[in-house]
Amino acid sequence: ENLLVINKPHGLGFHAEEDGSPGVMTVLRAMQQQGDLEYAGSLFPVHRLDKITSGCLMLAKTRPAASEVMQALAERRVAKYYVALSDRKPRKTMGSVVGDMTRPPRPLS
């Protein structure tokens, strides 16, 4: 009721880019103006996802809700999970993997 959760695609930044490419907030505001988003009120971001990251992005509909969610994230009362999918094992120079790497139970398509 107090949150809007969207599925942010990879390649879409949070803010508008210097080259004129829109960011998440620009796209959401345009959708509101065009009537493509049911909620037409203010939106307050509570966290961000990098441009290369896809996934659920939470936006609060009120300042108090934004404060509450941001505090819960800061206090780690809300867990965030990141899942990386790859068709091969990462090279050592690509960084580190913490935790188990397992094959999916069925082929990804």
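Reckoned from all heavy atoms, side chains included, excluding hydrogens, waters and symmetry mates.
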Supply the atom-to-atom distance [X] [atom1] to [Y] [atom2], rounded to the nearest 0.5 angstrom.
X	Y	atom1	atom2	answer
Leu57	Leu49	CG	CG	5.0 Å
Tyr39	Leu59	OH	CG	10.5 Å
Thr26	Leu12	OG1	CG	8.5 Å

Mind checking whether [X] and [Y] sit in one hydrophobic cluster, side chains of I, L, V, M, F, W, Y counted as touching below 4.5 Å?
X	Y	result
Ile52	Phe14	no
Ile6	Val27	yes
Val24	Leu43	yes
Leu37	Met25	yes
Met31	Leu4	yes

- [ ] Just do the side-chain contact (heavy atoms from CB on, under 4.5 Å) check on Glu38 and Gln32 with the steps written out, would you?
- [x] CA-CA 7 Å; Glu38 189 174 312; Gln32 285 178 316; over 6 Å; no
Open item on the list: More than 12 heavy atoms of other residues, nucleotides or ligands under 6.0 Å from NE2 of His47: yes or no?
Closed with: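 Result for NE2/His47: enclosed.
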Open item on the list: Closer than 3.5 angstrom, by distance alone: can the side chain of Lys8 be matched with the main-chain N or O of Asp50 as a donor-acceptor pair?
Closed with: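 Checking the backbone N and O of Asp50 against the side chain of Lys8, a donor-acceptor pair under 3.5 Å is found.
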Open item on the list: Looking at Gly23, is its backbone amide N or carbonyl O close enough to the side chain of Glu17 to form a donor-acceptor pair, meaning the two atoms are under 3.5 Å apart?
Closed with: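 Checking the backbone N and O of Gly23 against the side chain of Glu17, no donor-acceptor pair under 3.5 Å is found.
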Open item on the list: Using the side-chain contact (heavy atoms from CB on, under 4.5 Å) criterion, which residues pair with Pro64? Sequence neighbours excluded.
Closed with: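 Only Thr62 meet the side-chain contact (heavy atoms from CB on, under 4.5 Å) criterion with Pro64.
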TODO: Enumerate the residue pairs fulfilling salt bridge (Lys or Arg N to Asp or Glu O under 4.0 Å) with a member in residues 53-81, sequence neighbours excluded, ordered by first and then second residue.
DONE: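 Found Glu75-Arg77.
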Open item on the list: Working note: Val69 + Val78, criterion side-chain contact (heavy atoms from CB on, under 4.5 Å); need CA distance, chi angles, decisive distance, verdict.
Closed with: CA-CA 8 Å; Val69 173; Val78 175; 5.8 Å; no
Open item on the list: Please give me the minimum heavy-atom distance between Pro9 and Ser54, naming the atom from each residue.
Closed with: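 Shortest heavy-atom separation between Pro9 and Ser54 comes out as C-CB, 3.9 Å.
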Task: Smallest separation among heavy atoms of Met58 and Val46, with atom names - done: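 Where Met58 meets Val46 most closely, the heavy atoms are O-CG2, 3.2 Å.
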